Each structure stands twice: as C-alpha cells, then as structure tokens.
Amino acid sequence: MTNLEKPVPPGGTIGIVGGGQLGRMLAMAAARLGLQTCIFNDAPDAPAFQVTPHHVVAPYEDLAALEAFADRCDAVTFESENLPAHAIARLAQHVWVAPGAEALAITQDRLTEKSFVEKLGLKTAPFREVSSAEQARAAFDDLGGPAILKTRRFGYDGKGQAKVTSAEECVAAFGNFKGAPMQGSMPCILEGFVDFAFEASVVAARARDGAFAAYDPPENLHEHHILRRSTVPGRLTEAQGHQAKAIAHKIAAALDYVGVLAVELFVGHDGGLTVNEIAPRVHNSGHWTIEACQCSQFEQHIRAVAGWPLGSPVRHADAVMENIIGAEADAWESLARSGALHLYGKKAARPGRKMGHVTRLLPRGSK
Ligand code: AMP
C-alpha cells in the first residue's frame, strides 16, 4: 500500500469511492475541515455529487478511470463494502487507501468475516459454509432450525437472506440465490438463529498510529430488515457498553484498521454480546453523532483517513435517530418541525430506499 507520510493538509483532496448518502455526508464533513473531495461513482445521479464539484463517473471495474481518479487524490476511502476488492487494491498501488484492501476483503465476505471474529475469541452465531446443495442439507442437519441462509457477499438490508426451518427449505433457498445467468447458486453461509433481546452496534475509529475512539453504542430497531431507529443510550448497561467498545477495539486492532468501522451486535437475554457483522465504513446507526457529539462519525473517518488526530467521540446529548424510508419523505414539512432533518437529495422515493433521517436530541441523562 502506498504510504501516507504526512497528513493531508487543508486544501488537499480526499477521494471517496461511492456517492450515496454516506459519501455525501463524508464530503460535507471534509468540507468543514477545509478538505476537498472527489467522488467516484458508477452512475451520474449520485447524492454525493450535489455537495462537491469533483466527480468521476465510471464502472468500478474501470482500472484506467480508477488510476486517473487516484492521481487527483491525496488519500482515498470508500463508503460501501460492496465494491470489487481488486479495484481498491489497484487504487492502493497509486494512492494511500484507508481502510486497506485486506480489511475490505475480510469484511465483505460473511464466511471470512465470521471466521476472523471467531478466531479473535469473540462470540458469533454458529455458522457453516454452504457452497452446494449437499452442503446446504448437511449444514441444516448440523445446526438445526430455525436458521438463516445468507449469501456470502453483496447482501445488505436483508437482501440475499432467507430464514429456513427445514433442510428442504435450506436446499431450496440455496437454489434461489442465483448469481449471474448460468453461473449457478451464489456461495452462502448458514447461520443459527440467535434469539436476542435486542440489537445494538458500536461505531469506532482507529487512526494510523493506533489511537482509538469509540462512540457510545446505540440500541437499534430494524423493520423489514432495514434500520428504523437508533436510540442512545438504549437498553445496554454501562458494562455492556464498555464490552461493546472493547470488541470494536479488538477487531480494529487485529485488522490494523484505519478509519471508522461499525460492529453490529445481538444482545442476548443473558446479557451476552454476539457479533453479527462488521461494516468497514461509517454506519447508519452512527448518524446521531452529527448532532450529539463534538466530532461526528463522518468527520472522524475523514480525520483518520487524512492522518489527522482523532476528534472527541464524547456524547453531549441523548439522541434518537429515525430513518426516513421511501414515500415517508413526502412528509418533509412535518419532519422538518420534528428534529434535525437530513435529506439525501434522492429523486425517486422507491419503497425501502433510505431518503433521509431525522435526529431528535434530549439533554443528556434526561431519558
Ligand atoms: P445482516 O444483514 O446480517 O445484518 O442481517 C440483517 C438483520 O437480520 C439483522 O439486523 C437481524 O435483525 C437479522 N438477523 C441476521 N442474522 C441473524 C441471526 N443469525 N439470528 C437472528 N437474526 C438475525
């Protein structure tokens, strides 16, 4: 990987691969620090294009376009783990990229991710590799039901997931997860179903020198596999909060991670924490940090990528962040009255599409 010998100074350019709402909020945070951003996106109507004049539109596999983009940037990061790892590796030959290609490769595949977490001695749902119909049957017989079959790659917001309650269902679900035409079923894992009390996450940052800063972990509520609400503080006890931050620290250090990452957790009825997944990027459950903390997750990520000192993650208010999904955005006037409103500038409000979010603050400790 190309080294970053000195921090990127104000006026320098941070490249962001991916121009969705996360890229947009990263670009806005960078601008506040006097840094420029250049966004690489595979379609011309990216929400992030509206907040910075520097863009590249090309497929993520276009190596020549990636190289030309790298030449325009002092450091590069990305807003999604669903990018070809070889594209990030190619960028890294030309420019400092954070997080690194290895962290991306481990976390974008559920099998390598879960194996990595398990090796660190952290708890995960029991899991088995499923690459054939025979393995689908054997995995279900081994784990028992109910269980969840997940594609190893390119799943988000519940896409590429099926709950199964018999070996037959498991085999059928595997048959349904087709890759490109004629390529057969996509490689999957089968996970035992975790009977959790609630879900939580921890968003944290690690700098190049190993400095680490974690935000207070919110409690997260999902509806139809999409995050509906993050509440901080949620039901996590102080001890669980410390444990969640320690889990994020262990994972970030083992990945030699630079930037912000999120660890999604299941909180068991016995109070134990199980790692669900790692997101190698800023995360929806950390959006409340924009208003409630001195340094938001977006600014923190830009600071880490640019080699700046990390900012304070201390939380100054209690907060509830609610996503605005699909046609809910039509009610923008009443939403604007209800809290800190963020709209992402997306034109079409398709069902399930994240259009914005609203954060409501309360004085700290008042909840
Ligand atoms: P994921 O894409 O892995 O984050 O899963 C999306 C959502 O599905 C999670 O936030 C949980 O609500 C649910 N889920 C995923 N895996 C499991 C599991 N092994 N047991 C129970 N619920 C799960």
Side-chain angles (χ1 to χ4, degrees), residues 20 22 79-83 104 106-118 122-130 136 139-140 142-166 169-170 173-174 176-177 186-203 217-232 234-236 244 247-248 251 261-287 321-323 325 352-354 357:
L22 300 180
E79 62 141 27
S80 163
E81 61 274 38
N82 290 331
L83 294 166
L104 178 66
I106 290 174
T107 55
Q108 72 180 183
D109 178 329
R110 292 185 193 274
L111 182 64
T112 54
E113 178 183 69
K114 284 224 154 49
S115 309
F116 167 79
V117 169
E118 203 176 51
L122 302 171
K123 202 167 150 203
T124 66
F127 63 96
R128 296 286 181 277
E129 179 178 357
V130 174
F140 188 90
D142 215 9
L143 292 181
I148 305 188
L149 188 75
K150 301 181 178 179
T151 55
R152 282 172 55 176
R153 297 165 64 100
F154 302 124
Y156 67 97
D157 289 348
K159 292 183 178 69
Q161 293 194 19
K163 192 170 173 186
V164 292
T165 54
S166 68
E169 269 179 37
C170 189
F174 176 70
N176 284 336
F177 287 144
M186 290 163 72
C188 291
I189 64 167
L190 186 69
E191 278 183 32
F193 194 79
V194 179
D195 179 25
F196 52 78
F198 60 92
E199 293 184 77
S201 59
V202 52
V203 175
E219 173 178 342
N220 300 324
L221 177 75
H222 293 84
E223 281 173 8
H224 314 296
H225 296 284
I226 300 174
L227 182 66
R228 161 54 62 190
R229 186 180 307 127
S230 291
T231 306
V232 57
R235 274 178 283 171
L236 286 168
I247 288 171
I251 289 173
L261 89 177
V263 183
E264 296 179 17
L265 301 163
F266 298 135
V267 183
H269 296 287
D270 62 356
L273 302 183
T274 299
V275 174
N276 174 28
E277 65 179 353
I278 305 165
R281 53 172 169 78
V282 287
H283 194 258
N284 196 168
S285 68
H287 290 0
M321 187 286 313
E322 195 124 6
N323 273 333
I325 299 166
R353 194 171 197 209
K354 290 174 184 166
H357 72 268

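No experiment lies behind these values; they were computed from the predicted model shown. Both ligands and their constituent atoms are indexed starting at 1 by order of listing. Just so it is clear, the values below take in all heavy atoms, side chains as well, and ignore hydrogens, waters and symmetry mates.
Which parts of ligand 1 touch Glu264 is read off a 4.0 Å heavy-atom cut-off, strictly below it: atoms 4 (O). Residue Phe196 has at least one heavy-atom neighbour below 4.0 Å for each of these atoms of ligand 1: 21 (C), 22 (N).
When all heavy atoms are compared, the tightest approach of Phe140 to Val164 is CE1-O, 3.8 Å. In plain terms, the two heavy atoms of Ser285 and Val203 that are nearest each other are OG-CG2, 4.0 Å. The two residues Glu113 and Thr107 come nearest to each other via the heavy atoms OE2-O, 3.3 Å.
A salt bridge links Arg152 with Glu129: the distance from a Lys NZ or Arg NE/NH1/NH2 to an Asp or Glu carboxylate oxygen falls below 4.0 Å.
For a threshold of 3.5 Å applied to N or O pairs, the pair formed by Phe266 and ligand 1 contains no separation below that value. Considering backbone and side-chain N/O atoms, Val194 comes within less than 3.5 Å of an N/O atom of ligand 1.
When atom types are taken as modelled, the side chain of Asn323 and the backbone of Leu227 share a donor-acceptor pair closer than 3.5 angstrom.
Nearest to atom 18 (C) of ligand 1 by heavy-atom distance, out of Thr124, Ile148, Leu265, is Ile148. The residue among Glu199, Arg110, His222 with a heavy atom at the shortest distance from atom 11 (C) of ligand 1 is Glu199. Within the set Glu277, Glu223, Gln161, Lys150, the minimum heavy-atom distance to atom 4 (O) of ligand 1 is found for Glu277.
The part of Asn276 lying near ligand 1 is the side chain, judged by heavy-atom distances below 4.0 Å.
Residue contact check for ligand 1: Gly192 places a non-hydrogen atom closer than 4.0 Å to it.
Within the 4.5 Å cutoff, the side chain of Leu190 has no heavy atoms near those of the Asp142 side chain.
Ring orientation note: the planes of His287 and His357 are tilted relative to one another, at an angle of 30° to 60°.
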